[in-house]
Amino acid sequence: MTKLSTFAILSQLLPTATATLLDLHAKELDNPFPDDPSVVLISPVQSHDVSLHASSTSRRLQQSSSVTKCPSSEQALWSLLLLTDSNPSETKWSLKQPSTNTLMLVGPPSDQQYEANTLYEGEVCIRKGFKYVFRIQDSGGDGLCCESGTGGFTMSVDGEVFVDRMERNDNWGGKSFLFHVGNLTESAAPKPTPRPTTSPTETRNETEAPTYAAIQTNSHTVAAVITDSPTASPEIVTESPTVGVLETYSPTPEPEKEVAVSFIMMGDIPYYTNHKYCLNQQLRELNPAQMEYPYAFIVHVGDIKSGQTKDCVSEYFSDVADIFSSPLNDYYYDTRDCFFLVGDNDWCDCDDPGSAFAYWMNNFGNGRKYTWINRGPNPNGFGTFSHSNMRTTLEYDDDGSSDSSQYYPSSASNFAFFLNKVLFVGINQVGGAEIGDESTRVRNNFNWVKNKMETYAQQDMRSLVVFAHAPMSGARWEYFGQPFQSFLRDNYPDILVLYAHGDGHKFNLERIDKYNANLYDLECDSGDIADPLLITITRSGSERDGLNVDRRGGRYPDGDCAPDNRDKTWSSNLF
């Protein structure tokens, strides 16, 4: 590998080159609430992070490193280019394998620090098929660029840039990136492996465990130290002929996190025909093998049609039911594990709300009426669970069997179930026009949630997720929002509570009660502009449950269901 001085790299003029396109396995892990690290927002690394018009310094840094191969085809070469700013003592980073809590590489070593405005380059061979987290911290909270100097970092795997944050003028105290290489296996704990230092013609036993890591820098300051080298201390190589040896770093084990429950959340789709094509594609991409955590069920939080159409004929509802139950779409999920909530567009904004709600119940609810008699669940089995152990606690508020009319009570769509000490509750909480005795329905929603919490508190309830179409504010505040928040403060102030809804069409995750730091409000993007969310309740011993929100693909680059985001195998003459 060519070793260049900082001055040479920053002054050398290289021709413009096309940057490597982003690997979609890289995601940024963010802690949006500094006082609660258990809440993690997982966002895709946007394409502009590796821009086709990358800055001159970024292009030069990428050009400065030659791609070195690892000794085994089962390994990949992870590399970091780090350009420090004027406050290098504020910068630390690590590479970790999360499932085994193994620190692979850290920088700088505990007894040294980086020099200012200096380029460092570190490499290590990592096993394919495993997840890794690269974390970088800036204790000053102002990032690496640009008021404190022109710094930044680029993370690559086998020469392909996964994350490029050179010359990014944004303030941050820490950033984390989740990535993997190749198909995930994680059947055994990966060990860090140094890149080969032998000549290309020299043979090497690929099963032999290497004993050192070569870390190259452009100064006498060491870039990093390998943390898992059982037979020898890591060898550090600098531009000078002097070779320094550092003792290995032994991290303090962190509490092991496990998954309590994961689920897929979507809403406000499909409004129009192109949205139906987009929904096809979204459902076909719900491959749990490609997700950080496999999901147990899917929930749609309402509005399966546009509010501009007031004549809510039955085909609007049956078309969407057909999409979810299509054998072309349900390859990765069972329709019985799909739950639906009614939205205002589907019900109260219709010219005939009673008929619209009956259409919705017949297609998605737990009561299907024919000639005014309840015939049982919807024909596709939505909301009934495919596994008997998950059905044990599933219940609905009212399936309409006691009502001999053609209509259903508004509470008929309310459901609840208890999985791995997490209580899930769905309520008919919509925006839009008021219908009937609004205050009674909203008050009943609160009582439904309250009763379920009191029941499962006796079974060591660790967290609560409430699904609704609309937020608890506005018209729903007096009879749900205010009593619900007071009830949590007085009785369950220490458990994680997530109120998850749609209706606003724009992703947002925030705290909504200044007196209860454990209550979070999540609004999902409308399905026409972004992929469904993967939400995970995490657990670490006796600590309060944590929350991971993975935006997966995030918002579509074109801001809508562009042709590249659709699968046009579904068709209808209705729209």
Side-chain angles (χ1 to χ4, degrees), residues 27 29-43 96-103 130-133 135 176 178 180 184 186-187 189 251-265 288-289 291-299 337 339 385 387 389-394 416-426 449 452-467 488 491-500 509 511 516-522 533-552:
K27 296 181 179 182
L29 309 180
D30 183 31
N31 293 110
F33 307 97
D35 62 325
D36 189 355
S38 70
V39 178
V40 179
L41 178 61
I42 306 175
S43 302
K96 184 176 182 179
Q97 203 287 319
S99 66
T100 58
N101 198 31
T102 302
L103 271 175
F130 292 85
K131 300 169 187 173
Y132 300 90
V133 173
R135 179 176 289 111
S176 299
L178 173 72
H180 71 268
L184 289 174
E186 303 218 342
S187 57
T252 302
E254 298 177 359
E256 184 177 353
K257 281 191 176 183
E258 63 178 20
V259 177
V261 185
S262 288
F263 58 91
I264 296 291
M265 175 183 170
M291 299 182 183
E292 176 69 2
Y293 306 110
Y295 57 91
F297 62 90
I298 300 170
V299 61
D337 298 325
F339 289 78
F385 276 132
H387 298 286
N389 62 328
M390 298 174 73
R391 286 196 294 270
T392 304
T393 61
L394 175 63
F417 52 86
F418 192 59
L419 299 178
N420 200 14
K421 299 183 180 181
V422 181
L423 174 60
F424 295 92
V425 182
V449 176
K452 297 303 117 185
M453 292 189 71
E454 292 173 342
T455 297
Y456 290 104
Q458 308 302 316
Q459 301 182 35
D460 193 21
M461 175 183 63
R462 297 283 298 271
S463 52
L464 166 70
V465 179
V466 178
F467 297 116
L488 292 177
N491 299 278
Y492 306 98
D494 300 322
I495 71 168
L496 173 71
V497 178
L498 177 66
Y499 185 87
L509 176 63
R511 286 174 171 148
N516 184 358
N518 295 322
L519 172 60
Y520 291 91
D521 182 276
L522 171 64
L533 301 174
L534 173 64
I535 302 174
T536 303
I537 307 299
T538 60
R539 186 159 296 156
S540 180
S542 60
E543 297 178 3
R544 195 215 68 186
D545 282 355
L547 173 67
N548 277 21
V549 180
D550 187 348
R551 299 189 68 182
R552 299 178 61 243

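Using a 4.5 Å cut-off on side-chain heavy atoms (C-beta onward), Ile264 and Leu534 make contact. Between Val465 and Ile535, every side-chain heavy-atom pair lies at or beyond the 4.5 Å cut-off. Here the side chains of Leu496 and Asn518 are not in contact, with every heavy-atom distance at 4.5 Å or above. Two residues are said to be in side-chain contact when any heavy atoms from C-beta on lie closer than 4.5 Å; Leu547 and Ile537 meet this criterion. Counting heavy atoms from C-beta outward, Arg511 and Asp35 have side chains that approach closer than 4.5 Å. Counting heavy atoms from C-beta on, the side chains of Leu509 and Phe33 come closer than 4.5 Å. Inter-residue side-chain proximity for Val425 and Met453 is flagged as unmet; no heavy-atom pair is nearer than 4.5 Å. At least one side-chain heavy atom of Leu533 sits under 4.5 Å from a side-chain heavy atom of Arg551.
Put simply, CE on Met461 and NZ on Lys452 are 12.0 Å apart, with the number rounded to the nearest 0.5 Å. Here the straight-line distance linking atom CG of Leu519 with atom OH of Tyr492 works out to 15.0 Å at 0.5 Å rounding. To the nearest 0.5 angstrom, Tyr132 atom OH is 14.0 Å from Lys96 atom NZ. Rounded to the nearest 0.5 Å, atoms OH (Tyr520) and CG (Leu498) are 10.0 Å apart. Atoms NZ and CG, from Lys131 and Leu178 in turn, are 7.0 Å apart once rounded to the nearest 0.5 Å.
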Apply side-chain contact (heavy atoms from CB on, under 4.5 Å) to residues Lys421 and Asp545 and explain how you reach the verdict. CA-CA 10 Å; Lys421 299 183 180 181; Asp545 282 355; over 6 Å; no

Yes or no on side-chain contact (heavy atoms from CB on, under 4.5 Å) for Ser38 and Glu543, after CA distance, side-chain angles and deciding distance? CA-CA 10 Å; Ser38 70; Glu543 297 178 3; over 6 Å; no

Would Arg544 and Asp36 count as a side-chain contact (heavy atoms from CB on, under 4.5 Å) here? Give the steps. CA-CA 10 Å; Arg544 195 215 68 186; Asp36 189 355; 3.0 Å; yes

Output, in order, the C-alpha distance, side-chain angles, deciding distance and verdict of side-chain contact (heavy atoms from CB on, under 4.5 Å) for Val549 and Met265. CA-CA 10 Å; Val549 180; Met265 175 183 170; over 6 Å; no

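In this structure Asn516 satisfies the side-chain hydrogen bond (donor to acceptor under 3.5 Å, both in side chains) test with no other residue, sequence neighbours excluded. Every residue was checked against the side-chain hydrogen bond (donor to acceptor under 3.5 Å, both in side chains) condition with Gln459, not counting sequence neighbours, and none meets it. Taking the side-chain hydrogen bond (donor to acceptor under 3.5 Å, both in side chains) definition, one finds that Ser262 meets it with Thr536, sequence neighbours left out.
At a cut-off of 3.5 Å, with distance as the only test, no side-chain donor of Tyr293 or Asp550 sits close to an acceptor on the other residue.
Remark: the backbone N or O of Ala260 is paired with a side-chain donor or acceptor of Asn420 at under 3.5 angstrom. A donor-acceptor pair under 3.5 Å is absent between the side-chain atoms of Asn548 and the main chain of Leu41, judged by distance alone.
In plain terms, the two heavy atoms of Val133 and Ser176 that are nearest each other are CG1-CB, 4.2 Å. Considering all non-hydrogen atoms of both residues, Arg462 and Ser542 come closest at NH2-C, 4.0 Å.
Residue Phe339 is tested with Phe385, Phe424, Phe263 for a ring-ring contact (aromatic ring centres under 6.0 Å, His included); the sole match is Phe385.
The aromatic rings of Phe418 and Tyr456 sit parallel to each other, their planes meeting at less than 30°, with 60° as the upper class boundary.
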